[in-house]
There are 2 protein chains.
Amino acid sequence: MNIDSVKSMTENCPIARWRRKKEARPAEILDAALSQFVEKGYRATKMEDIARAAGVTKGTPYLYFQNKEEIFKAIARGTFVANLQQLDRLADDFDGSASALLHQMVAHWWQEVGCSPSAGLCKLMIAEAANFPELARFYFEELIAPSNQLLSRVLQRGIDSGEFRAVPLVHTVDALLAPLLTTMIFSHSFGQLPGCCIGSTKDPLGFLQDALDLVLHGLKNN
Amino acid sequence: MNIDSVKSMTENCPIARWRRKKEARPAEILDAALSQFVEKGYRATKMEDIARAAGVTKGTPYLYFQNKEEIFKAIARGTFVANLQQLDRLADDFDGSASALLHQMVAHWWQEVGCSPSAGLCKLMIAEAANFPELARFYFEELIAPSNQLLSRVLQRGIDSGEFRAVPLVHTVDALLAPLLTTMIFSHSFGQLPGCCIGSTKDPLGFLQDALDLVLHGLKNN
DNA sequence: GATTTAACTGAATCAATATTCATTAATGTC
DNA sequence: GACATTAATGAATATTGATTCAGTTAAATC
């Protein structure tokens, strides 16, 4: 193929081969990178995988980010779930029973976090904690610890009001969180493979509600 | 340093620089590889990391295994938790209440799986499921699905005998497994970082017992 | 519609690390 | 204690994939 034919091909091409999108690119690249990282892991994801998933070629991500590690960090910082604040407010404003509040919180969490890309980030951080200890600590201190605090507060309120019996607080908080965690994690690993599904994969929200009911029934003061 | 000095150093060396261990090497290498893979992930682990952790140099693993991938596969197949059979037998032979049986099973599981290297493999498979789909399916079919089955049977027995109320079986099984999974996973990620500990990290067995008690209390037929 | 700007491409480069293999040395045998 | 055998070493090589940058082209401006 000679220069002329290439030229004419290009000139005749009815649609552009690519488009300039200075504003949208960074977000597109981060979205693509997150899903690739979650699927394959950080190391196994090639820059070209990210580029292809974002609909660009492998040079383009470097126009917007220093390197692969900076992409990872940008994701971890950016996908940050400011959502906790909403849950905090929900808990403060709510004036029904602690059980009803917990149901609301789980529903809200599923909607905003559990079934969102944030859930994938959570799995990713678990897998990469040892490779990015600073980020992992950030994530722990800004997300995991406060989540525990919040749940702890709600639980304590229920105990104080006599709605719940006096259970070991710390362990109970973790027990309440466990179904949320496994749902996120499982749905981003085995859950992706055809045929590898368990109860919680088919109907995540239903599972979360049932698991919560079970524990709440166990918390009842009678 | 000339040839002679090297020679004399070698000759004077009071202890051998290495030992021949044809029989023991494969297991040593697999053990080392498992802990490295669990810590850093499959891709981020260098063959030299594995060799160093096994106390050999980087050529040695290749005397016993084709390549890195074969090491991973050998681990996944070999670390296989034949332990399920023991749990199966435990369940079949037990003649106390279903609650007591579940407590026994959890204690046994923690001892044999939860705090063993198998737990690390579990975290690893979760992270690598998409990169090794065949292995992941094997793992799912041979381990996860049968575990679910077993728990399901025990639960059903408790329901049939009137010990438990009639709960949605599938979701309840997953709810029972969730604390076990989070304990394994968490202790091999954030749990490794100094200061990043939650209730279940400090006293895993205590947490598992408390979480089980909570759910059992919720299962009670009253 | 010609000119300018800068977003985007992708072949070329470079670095990291997987793998090989010629050499060395531990151990068993005579 | 010399010899043969073969496990183990580690420098050399091959491969993979991250990063660069000279050239191309979409789109803004005049």
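Here is the naming used below: chain letters follow the sequence lines, and residue numbers restart at 1 for every chain.
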| When we call it a touch if two heavy atoms are under 4.0 Å apart, what does A/Phe65 touch: a base, just sugar-phosphate, or nothing? | nothing

| request: Figure out the CD/C1' separation between A/Glu48 and C/dC8, and round it to whole Å. | output: 14 Å

| task | Ignoring backbone atoms, establish whether B/Thr60 has a side-chain N or O less than 4.0 Å from OP1 or OP2 of D/dT9. | result | yes

| task | For A/Glu39, enumerate each residue passing the salt bridge (Lys or Arg N to Asp or Glu O under 4.0 Å) test, keeping only those at least two apart in sequence or located in another chain. | result | none

| message | Let's see if you get this right: which residues in residues 20-28 of chain B place a heavy atom under 4.0 Å from DNA chain D? | response | B/Arg20, B/Lys21, B/Lys22, B/Arg25

| field | Nearest-nucleotide 5' precedence on DNA chain D, B/Lys58 against B/Trp18 | value | B/Trp18

| field | Per B/Tyr64 side chain, nearest of listed nucleotides C/dT19, D/dG17, D/dA7 | value | D/dA7

| A/Asn67 CG - D/dT20 P separation (whole Å) | 8 Å

| message | Please determine whether a side-chain nitrogen of the Lys or Arg among B/Arg153 and B/Asp92 lies less than 4.0 Å from a carboxylate oxygen of the Asp or Glu. | response | yes

| query | Looking at B/Glu28 and B/Lys21, does any basic side-chain N land under 4.0 Å from a carboxylate oxygen? | reply | yes

| task | Write down the distance between NZ (A/Lys40) and P (D/dG17), rounded to a whole number of angstrom. | result | 11 Å

| said: Measuring from the side chain of B/Arg19 (C-beta onward, heavy atoms only), which nucleotide among C/dT27, D/dT19, C/dA7 has the closest atom? | reply: C/dT27

| said: Can you measure A/Arg52 atom CZ to C/dG10 atom P for me and round it to whole angstrom units? | reply: 12 Å

| task | Could you state the atom-to-atom distance from NZ of B/Lys68 to P of C/dT19 in whole Å? | result | 8 Å

| request: Let me know the distance between CE of A/Met47 and P of D/dC21, rounded to the nearest Å. | output: 15 Å

| query | Can you tell me if A/Asn131 and A/Glu128 form a side-chain donor-acceptor pair at under 3.5 Å? | reply | yes

| query | With respect to the phosphate group of D/dT16, does any side-chain polar atom (N or O) of B/Arg43 fall under 4.0 Å of OP1 or OP2? | reply | no

| Expressed in angstrom and rounded to an integer, what is the separation of A/Glu70 atom CD from D/dT19 atom C1'? | 14 Å

| message | Does atom CD (A/Glu141) have a neighbourhood of more than 12 heavy atoms from anything else shown, all under 6.0 Å? | response | yes

| Hey, is the side chain of B/Tyr62 poking within less than 4.0 Å of OP1 or OP2 on C/dT20, counting only N and O atoms? | no

| field | Ring geometry between A/Tyr42 and A/Phe132 (parallel below 30°, tilted from 30 to 60°, perpendicular above 60°) | value | perpendicular

| said: When you measure from the side-chain N and O atoms of B/Arg17 to the phosphate of C/dT24, is any distance below 4.0 Å, counting only OP1 and OP2? | reply: no

| task | Round to a whole Å and report the spacing from CG of B/Leu63 to C1' of C/dC21. | result | 11 Å

| query | Mind checking what makes ring-ring contact (aromatic ring centres under 6.0 Å, His included) contact with B/His171, not counting sequence neighbours? | reply | A/Phe207

